[in-house]
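Ligands are counted one by one from 1 in listed order, and the atoms in each one are counted from 1 as well.
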Amino acid sequence: MKKLITTVLLGCAMITAGAQSKDSKMDRFIDELMNKMTIEEKIGQLNLPGSGDIVTGQAKNSDIAGKIKRGQVGGLFNIKGVEKIKDVQRVAVEESRLGIPLIFGMDVIHGYETVFPIPLGLSCSWDMEAIEKSARIAATEASADGICWTFSPMVDISRDPRWGRVSEGNGEDPYLGGQIAKAMVRGYQGTGDKTFTTNNQIMSCVKHYALYGAGEAGRDYNTVDMSHQRMYSEYFYPYQAAVEAGVGSVMASFNEVDGVPATANRWLMTEVLRNQWGFNGFVVTDFTGIAEMVDHGIGDLQTVSARALNAGIDMDMVAEGFLTTIKKSFDEGKVTKAEIDLACRRILEAKYKLGLFSDPYKYCDVSRVKKEVYAPEHRQLARKIAAESFVLLKNDNNLLPLSKKGTIAVVGPLGNTKENMPGTWSVAADFNKATTVVDGLKSVVGNKANVVYAKGSNLTTDPVLEDRATMFDRSLKRDDRTEEELRNEALQIAKNADVIVATLGESSEYSGESSSRSEIGIPDVQQRLLMELLKTGKPVVLVLFTGRPLTLTWENENVPAILNVWFGGTEAAYAIGDVLFGDVNPSGKLTTTFPQNVGQIPLYYNHKNTGRPLAEGKWFEKFRSNYLDVSNDPVYPFGYGLSYSQFDYSDVTLSSTAIDSNGELTASITVTNKGKMDGKEVVQFYIRDIVGSVTRPVKELKGFEKIFLKAGEAKTVTFKITPELLKFYNYDLNYVFELGDFDVMIGGNSRDVKSAKFTLK
Ligand code: NOJ
């Protein structure tokens, strides 16, 4: 075993206070205010009802105005419209005894009215600047409409595409997820002493802490059971990164952790989050998270509410467990005054930091909406970013890009719908403003080509399933005609077309919250349609809509070109045109593995080697870790994505083949654009720690750079390697590096890499 270098102990290593320093002026202000507050009013600050305007859960709150007047509300969420918000704020400020302003939250997940790609899509851009800008614009629009707090970013690592909420996260890699978490927080809040200085910076809420993406069998809200080793090594970093970036709030997850629901888990909420990571904002539950612990089976409402407060929860979303039981628990000695005070103080601090005590109407400038919401410059950027999120999965014989000429037949249930375009969790979007694929393509080709459309099929054979997958006014207007009638109409227009663009896959609510699937292929009737379209012999481009990795084994073998467009937001249709016709060269790379079938799940690139790995080049051997009926390979690996250019990678050059524990070395590679088009490439840098005191993954992403190369151009990309980069959590959960040999791997995806070796001496 290698010699162990313990640099720091976990407890103190992680404290990075960042923006979370002490402010004595704020302390004095809050001390004075709290001196005037009754215990009931303090408990009132911990209550977060839902407005009922936008539905994101089953329960409802009542008599909200009355509660605000009585000082029983700290904030309100998912209410849309600055005029309305201003009115409600007026009630709090003018009609409650102490006039404490409310905080107004919303699920502004990937844009407001200008909608950006779903987070999974956005992550495939690997473009931190673009991601930060998307959050900046979302904050600008939301704040122009009265919102000062967003329940974003969602940073749950997930390796299970059955889970519908993979659409809302950043894929399977903790390092990349951490970089994205930081970019989003910066975009929403600003950084350092520039945080919340303007009225278009809003408070961010990282969620769902913790491990929500690891629910058993991909079923939403399901049990999580995981070793601490895995939590720290593979799942925690994105939450911690958000804390490092100064995130103002954290949302607790629904699932249990170590047998205790996260919402009542003191180790998670206080020991890890606050003591180890140095978080000092406030923690809100998820929707009815407190009341749900009754069903988890850890007590009645009073018990679970007290346990949540004891654990370190500050605000109760919707359940009203705090509001209705904490006073009683206080009287009975089950919670202390100090605990109530602490939670109340944290909420008041958030309001203070946002500037609401200086101006409760800071976010209620009603003149902003018209200029700032859905502004042309926001939409322009959203179009650019959408194109960057698309992943070209296949392009035989350079079928793409298409020429702007002849007749283009758009076929499929997702080709002529506005409602579907913004994607799941776009609660502020005005669906009427989105553009259909057909209209987007028409706008891009102008009068140079003829775009025709036929639906070709419904979303699924099963109308009940289709209903569930098109909730929240997302209906695809199910067609009463038979499968054959619909298909024949499509084949008719296909016959006279030069190329078929098949717009197939999931509808936006086919993934998202409470949209887990046990089969993750393109739905039945659509796949049959695709087969028939291919039989015409015409070139077929599959424009794939999806909120999760799908099993595309058959499609990969049979369809010549596949462009995965996720759900690209309000401007997606134009962006699809930009990429299909080559005005933009695709550069998206997958941040999640696409398995061959459901049985392989969980399938992820940074797995362990096991004691019985397959030999190179083999896909089955008896008594090895494999399946009888399918190889261990994915259809598309993490990091994968094609371009209309081809990028050539040189060998890796190391500045030295050995470093000591104070040293550093560099790994360089030269990338050449061998294609005819200018293009962008995401150069990915992985490391393998070959021998460890605990088993290590076969590779881990440690860096990346997205570069632009003109046709024929070459660039050298260099990554720095220091012992710090080689640290990991050992058996005792100390964050350490160990001496020994390492592989460096650099490439355009996690599978196809060039490698070199060095030693840490
Ligand atoms: C439940 C979801 O899990 C969470 O992500 C969301 O922010 C809340 N509902 C509020 O809508």
Side-chain angles (χ1 to χ4, degrees), residues 47-61 64 74-80 103-112 118-120 135 138 142 147-158 163-170 181 184-185 188 202-215 218-222 224 238-239 242 247-257 261-263 282-293 295-296 313-320 423-429 471-472 508-509 511-516 547:
N47 188 30
L48 177 71
S51 75
D53 244 16
I54 291 165
V55 179
T56 59
Q58 288 188 334
K60 282 203 176 88
N61 296 102
I64 293 171
L76 197 63
F77 76 99
N78 285 352
I79 169 169
K80 191 178 179 203
I103 180 170
F104 291 92
M106 191 190 266
D107 287 294
V108 182
I109 308 296
H110 50 111
Y112 192 70
I118 54 168
L120 184 59
I147 297 298
C148 58
W149 181 32
T150 176
F151 303 139
S152 169
M154 189 279 222
V155 302
D156 304 315
I157 295 293
S158 183
W163 190 47
R165 298 194 84 172
V166 289
S167 55
E168 266 185 84
N170 304 309
M184 297 288 287
V185 173
Y188 289 132
I202 64 178
M203 190 167 279
S204 164
C205 182
V206 68
K207 68 188 188 185
H208 307 81
Y209 181 69
L211 319 178
Y212 183 33
R219 216 178 68 209
D220 212 351
Y221 320 122
N222 205 5
V224 171
Y239 310 108
V247 73
S249 61
V250 170
M251 187 184 291
S253 58
F254 288 123
N255 53 279
E256 66 176 63
V257 172
T263 309
F282 73 98
V283 182
V284 62
T285 71
D286 201 344
F287 199 107
T288 57
I290 288 182
E292 288 175 23
M293 293 195 286
D295 281 326
H296 272 285
I313 296 287
D314 304 304
M315 200 174 220
D316 168 1
M317 186 192 286
V318 179
E320 298 198 339
T424 189
W425 278 117
S426 45
V427 298
M471 290 178 77
F472 309 126
S508 66
E509 299 310 311
S511 39
E513 187 171 350
S514 187
S515 291
S516 295

Under 3.5 Å side-chain donor-acceptor pair for Asn255 and Ser253: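 Distance-only check passes for Asn255 and Ser253.
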Sub-4.0 Å heavy-atom contact, His208 with ligand 1: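 Yes, that is the case, since the closest heavy atom of the residue is under 4.0 Å from the ligand.
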Best match, Asp107, Asp220, Thr150: closest heavy atom to atom 7 (O) of ligand 1: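 Among Asp107, Asp220, Thr150, the closest heavy atom to atom 7 (O) of ligand 1 comes from Asp107.
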Nearest-option assignment for atom 4 (C) of ligand 1, heavy atoms, candidates Val284, Asp286, Thr285: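 The option holding the nearest heavy atom is Asp286.
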Would you check if the side chain of [X] reaches a backbone N or O of [Y] as a donor-acceptor pair within less than 3.5 Å?
X	Y	result
Lys80	Ala428	yes
His110	Glu168	no
Asn78	Asp107	yes

Under-4.0 Å heavy-atom contact with ligand 1, by part of Met154 that carries it: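 For Met154, no heavy atom sits under 4.0 Å from ligand 1.
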Whether Tyr212 and Tyr221 hold their rings parallel, tilted or perpendicular, with breakpoints at 30° and 60°: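 Plane angle under 30°, so parallel.
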What atoms of ligand 1 come closer than 4.0 angstrom to any heavy atom of [X]?
X	value
Asn78	11 (O)
Phe151	7 (O)
Arg165	2 (C), 3 (O), 4 (C), 5 (O)
Thr56	9 (N), 10 (C), 11 (O)
Phe77	10 (C), 11 (O)
Lys207	4 (C), 5 (O), 6 (C), 7 (O)

Criterion side-chain contact (heavy atoms from CB on, under 4.5 Å) against Val318, the qualifying member of Thr285, Leu48, Asn61: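 When side-chain contact (heavy atoms from CB on, under 4.5 Å) is applied between Val318 and each of Thr285, Leu48, Asn61, only Asn61 qualifies.
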Passing option when Val206 is tested against Val185, Asp156, Val155 for side-chain contact (heavy atoms from CB on, under 4.5 Å):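 Checked Val185, Asp156, Val155 against Val206; only one passes side-chain contact (heavy atoms from CB on, under 4.5 Å): Val155.
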